[in-house]
Amino acid sequence: MPNKISSTNPLSRFLKSDPHRDFFRVLADSLSDSVLIFSSDCQQLLTVNHSFLLLSGYSRAELELVSPRELFPGDAGNLILGKIQDCLNGPECRLHEASLKTRQGSITLIDLEARPITPSNTGILITARLSSTRIQSKELRSAQEEQLSLLVGIAEDLANREESSLSNALTIAKRLLIASLIGLYRVSSSEPVYIRHGPLSEEFPTQLDMAHLESLQYSSAWSLGQRPEHPLQKAARACGLQALRTAPIGTDTAWVGVLLAGWRDPNEIPEHADSLLNMVAELCHASILMDLETSESLKLQLQIAQLEADFLDQSTVVTDGLLFLDSQLRVRRANPSAAKLLGYHEEELAGLSIQDVLVGPKDILATILDAQGHQREADLPRFTIHRSDGVPFPVHLRVFPRSRGENTELLIVLNDQSEKQAIENQNEALAQRALLGEVAAIFAHEVRNPINNISTGIQLAASRLGEQHPLHQSLERIRSECTRLDQLLSDVLFFARPLELKIEPLNLEDMLTRLIQRWKPRLQQSNVHCHTAFDPSTPLASADPRTLEQVIVNIITNALQAMNEGGTLSFSLAPIQMPQGDMVEIKIADTGPGIPADIIDRVFNPFFTTKKDGTGLGLAISRRILSAHKGHIQVESFPGAGTVFSIHIPACKLENQE
């Protein structure tokens with residue numbers, strides 16, 4: 001603006017002194033918009049600010065010689081100046097994309113706002129800015145509105161909480177960020193890893209360890225040319241991305257995941273990409289938290305419902321009988337166990353007086369009234385009641401009072417003691433049997449000597465009378481019975497006394513070979529053929545040679561007695577793996593008539609025998625010996641084909657075999 005304004009300049013009429021003129025210049029030059037002042041007839045340019053100088057390319061001195069028609073030339077310029085001048089008689093004038101001729105002669109499109117300088121309309125004040133600024137501002141506003149709309153769409157999708165909500169939200173976020181790729185990693189609910197979600201390419205790992213996310217606790221950016229150090233950055237480079245940005249999902253103290261977006265063209269990255277990415281991450285965080293809260297809420301609701309169901313149906317899941325009594329001591333409800341225990345149907349018990357339900361030798365009413373009146377528990381450890389059919393049985397009866405307002409209801413718990421009493425009776429019987437065994441052992445020991453003396457005397461009398469004497473056969477029968485009684489007493493003593501085993505590594509093949517060789521004459525005499533099958537890899541057994549030989553001899557004896565018309569006796573030896581560990585298996589099979597199916601389960605019972613002269617203790621002693629070895633014996637029989645006894649003995653450990 002010129003320092004001196006002529007008296008003919010209209011501006012001098014409203015800027016009357018230098019301080020006002022200087023103030024106007026400073027004020028106008030501080031504006032970013034261009035400011036022009038035309039004369040009221042639009043024939044003269046009175047002044048401009050610094051922004052217009054930059055816009056037009058003129059200096060202040062040059063503009064003093066330039067008229068408005070030169071700035072807005074031609075017919076279009078005349079139309080523009082006419083509309084500007086019309087503002088003196090009407091509202092403000094607004095023009096878009098007016099053609100302004102610059103000092104270089106080029107045309108620049110500008111937007112104008114013109115208003116008269118009141119009150120005397122001495123001039124027209126014009127503010128101008130580039131039309132491109134308005135267009136850019138409009139485009140920016142439109143882009144912001146679109147971004148806001150997309151953010152609202154993301155929020156709405158996430159708020160739906162449907163299975164596809166997160167995928168739909170990520171699709172919208174991809175449009176929002178103009179990204180080539182977008183996805184997230186979300187913490188797993190079952191293990192400490194982060195699971196991939198969204199349309200990420202296969203180059204990205206399906207899950208990340210927690211250690212991999214420590215470097216992503218803050219927003220990060222990577223672009224092509226930088227060294228990819230993180231697995232996500234390496235994956236981004238592998239799938240052709242030139243830029244990757246991440247934003248944490250969650251708080252500094254509670255991460256739930258990480259959001260990532262990638263671009264193949266860095267020029268497409270929005271100006272506020274980081275802010276937008278963080279906003280989407282916050283929305284995802286809110287959605288994940290809502291999902292977690294919803295999930296926890298559902299779990300709590302299910303737990304509450306389950307607890308309520310358990311409380312209501314608690315009586316149906318316990319094995320004890322439960323009777324719920326009202327204040328009048330009538331059965332309000334009974335669980336299935338109580339109904340079964342007492343011999344009723346559940347609906348039959350409802351409404352019955354407790355006196356009619358718990359019937360026994362002793363009156364239960366006094367105990368129940370005491371518990372109800374004094375609000376204390378009652379306990380009867382062993383109480384006998386009768387079922388509906390009159391059968392007595394023992395129970396452990398407990399009474400629990402439950403106050404409901406002024407009334408006191410009762411819960412009676414019945415625990416069936418029948419099995420416990422049966423076990424006690426069995427233990428008592430076993431104790432008596434043990435005592436009887438001790439008495440039998442003492443008896444056998446005391447009787448054995450007199451029987452031996454009788455047998456010796458009989459032998460002496462028979463030898464003196466001679467075989468031709470009429471009493472000789474009677475004496476021989478007496479001597480034979482004495483021998484049988486002596487064997488029976490020997491077996492009783494062996495069965496009753498504690499076993500004293502001397503366990504040592506034993507070569508079963510050598511032992512069986514010696515036994516077979518010893519029995520060979522008797523086998524030939526009985527027309528029994530012997531067959532063996534010994535596995536050379538069989539390890540040494542951990543056994544007592546004396547008692548184990550007794551077991552095998554007993555089985556051989558039984559087999560020969562079963563094959564009275566001859567047959568085949570087979571021995572096999574092999575290692576076997578069993579739940580108890582490494583074992584050695586001995587199988588002894590005969591071709592006798594077999595053991596009937598109705599008695600095979602009793603062959604190991606003491607004193608059970610099908611032989612006229614048998615004691616019934618041979619197999620019982622054999623099983624006891626093998627049990628003491630931590631082994632076992634079992635039998636299989638095939639009627640008409642034969643019987644197989646299988647003996648299992650623990651194998652020696654390797655150090656013992658060496």
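On a predicted model such as this, the values are computed, not experimentally measured, just so you know.
Between the side chains of Glu203 and Ser201, at least one donor N or O sits under 3.5 Å from an acceptor N or O. Side-chain polar atoms of Ser220 and Thr246 form a donor-acceptor pair below 3.5 angstrom. Counted by atom type alone, Asn78 and Arg69 present one or more donor-acceptor pairs between their side chains at under 3.5 Å.
With a 6.0 Å cutoff to the six-membered ring centre and a 45° limit on the axis angle, Arg333 counts as a cation-pi contact of Phe324.
Nearest heavy atom pair, residue Ala281 against residue Ile249, reads O-CG2, 3.9 Å. The nearest pair of heavy atoms linking Ala273 to Leu177 is O-CD2, 3.9 Å. In plain terms, the two heavy atoms of Thr538 and Ala574 that are nearest each other are OG1-CA, 3.5 Å. Closest approach of Pro575 to Ser537, counting heavy atoms only: CG-OG, 3.9 Å. Closest approach of Ala221 to Gln226, counting heavy atoms only: O-OE1, 3.8 Å. For the residue pair Pro68 and Leu81, the shortest heavy atom distance occurs at CB-CD2, 3.9 Å.
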| message | Evaluate Ile195 against Thr206 for side chain to side chain contact (heavy atoms under 4.5 Å, CB included), listing each step before the verdict. | response | CA-CA 6 Å; Ile195 307 299; Thr206 56; over 6 Å; no
| request: Kindly indicate, with the supporting measurements, whether the criterion salt bridge (Lys or Arg N to Asp or Glu O under 4.0 Å) is fulfilled by Arg332 and Glu409. | output: CA-CA 10 Å; Arg332 185 166 55 87; Glu409 297 183 353; 3.3 Å; yes
| task | Walk me through it: do Val584 and Ile576 pass the test side chain to side chain contact (heavy atoms under 4.5 Å, CB included)? | result | CA-CA 6 Å; Val584 178; Ile576 185 173; over 6 Å; no
| Is there a side chain to side chain contact (heavy atoms under 4.5 Å, CB included) between Leu232 and Phe204 once you walk through the steps? | CA-CA 6 Å; Leu232 295 182; Phe204 286 85; 3.8 Å; yes
| side chain to side chain contact (heavy atoms under 4.5 Å, CB included) between Cys42 and Gln85: does it pass, once the steps are laid out? | CA-CA 7 Å; Cys42 291; Gln85 194 173 8; 3.9 Å; yes
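Residues Thr127 and Leu31 form no side-chain contact, since every pair of their non-hydrogen atoms from C-beta on lies 4.5 Å or further apart. Side-chain atoms of Asp582 and Gln577, non-hydrogen and from C-beta on, do get closer than 4.5 Å to each other. Looking at heavy atoms from C-beta onward, Leu322 lies in side-chain contact with Val413 at the 4.5 angstrom threshold. Taking 4.5 Å as the limit, some side-chain heavy atom of Leu259 sits within range of a side-chain heavy atom of Leu170. Counting only heavy atoms from C-beta outward, the side chains of Pro228 and Trp222 approach each other to under 4.5 Å. Between Val193 and Leu208 there is no side-chain heavy-atom pair separated by less than 4.5 Å. At a threshold of 4.5 Å between non-hydrogen side-chain atoms, the residues Asp320 and Ser337 do not count as touching. Phe72 has its side chain out of reach of Ser67: every pair of non-hydrogen atoms, C-beta onward, lies at least 4.5 Å apart.
Ionic pairing of Lys101 and Glu70 is not present here: no N-O contact between side-chain nitrogen and carboxylate oxygen is shorter than 4.0 angstrom. Ion pairing of Arg60 with Glu62 is absent here, as no side-chain N (NZ or NE/NH1/NH2) approaches a carboxylate O to less than 4.0 Å. With salt bridges taken as basic N to acidic carboxylate O contacts below 4.0 Å, one links Asp111 and Arg134.
Side chain of Tyr185 to main chain of Pro205: a donor-acceptor pair is present (N/O by atom type, distance under 3.5 Å, no hydrogens or angles). At least one donor-acceptor pair closer than 3.5 Å links the side chain of Gln233 to the backbone N or O of Glu229. One N or O on the side chain of Ser56 and one on the backbone of Phe52 form a donor-acceptor pair closer than 3.5 Å. Looking only at distances, a side-chain donor or acceptor of Thr102 sits under 3.5 Å from a matching main-chain atom of Ser106. Under the 3.5 Å distance criterion, the side-chain polar atoms of Trp263 are left unmatched by any main-chain donor or acceptor of Leu244. When atom types are taken as modelled, the side chain of Ser39 and the backbone of Gln44 share a donor-acceptor pair closer than 3.5 angstrom. With hydrogens and angles disregarded, no donor-acceptor distance shorter than 3.5 Å links the side chain of Arg245 to the backbone of Leu277. Not one N or O on the side chain of Asn49 forms a donor-acceptor pair closer than 3.5 Å with the backbone of Asp29. In this structure, Asp41 contributes its side chain and Gln43 its backbone to a donor-acceptor pair below 3.5 Å. With Asp209 contributing its side chain and His212 its backbone, the two residues share no donor-acceptor pair below 3.5 Å.
One finds the CG atom of Asp274 at 6.0 Å from the OG atom of Ser219 (value rounded to the nearest 0.5 Å). For the atom pair CZ (Arg186) and CD (Gln207), the distance works out to 15.5 Å, reported to the nearest 0.5 Å. Note: Glu419 CD to Asn415 CG = 10.0 Å, rounded to the nearest 0.5 Å. The structure places CG of Leu323 at 7.5 Å from CG of Asn335, a figure rounded to the nearest 0.5 Å. For the atom pair CD1 (Ile649) and CG (Leu573), the distance works out to 11.0 Å, reported to the nearest 0.5 Å. Put simply, CG on Asp86 and CD1 on Ile124 are 9.0 Å apart, with the number rounded to the nearest 0.5 Å.
The aromatic rings of His648 and His632 sit tilted, their planes meeting at an angle between 30° and 60°.
For CD of Glu271, the number of neighbouring non-hydrogen atoms (other residues, nucleotides, ligands) closer than 6.0 Å is 12 at most. For Arg196, the CZ atom is densely surrounded, since the number of other residues' heavy atoms within 6.0 Å is greater than 12. For Met210, the CE atom is loosely surrounded, since the number of other residues' heavy atoms within 6.0 Å does not exceed 12. Atom NE2 of His96 has more than 12 neighbouring heavy atoms from other residues, nucleotides or ligands inside a 6.0 Å radius. Atom NE2 of His230 has more than 12 heavy atoms from other residues, nucleotides or ligands within 6.0 Å. Atom CZ of Arg264 sits in a crowded spot, with more than 12 heavy atoms from other residues, nucleotides or ligands closer than 6.0 Å.
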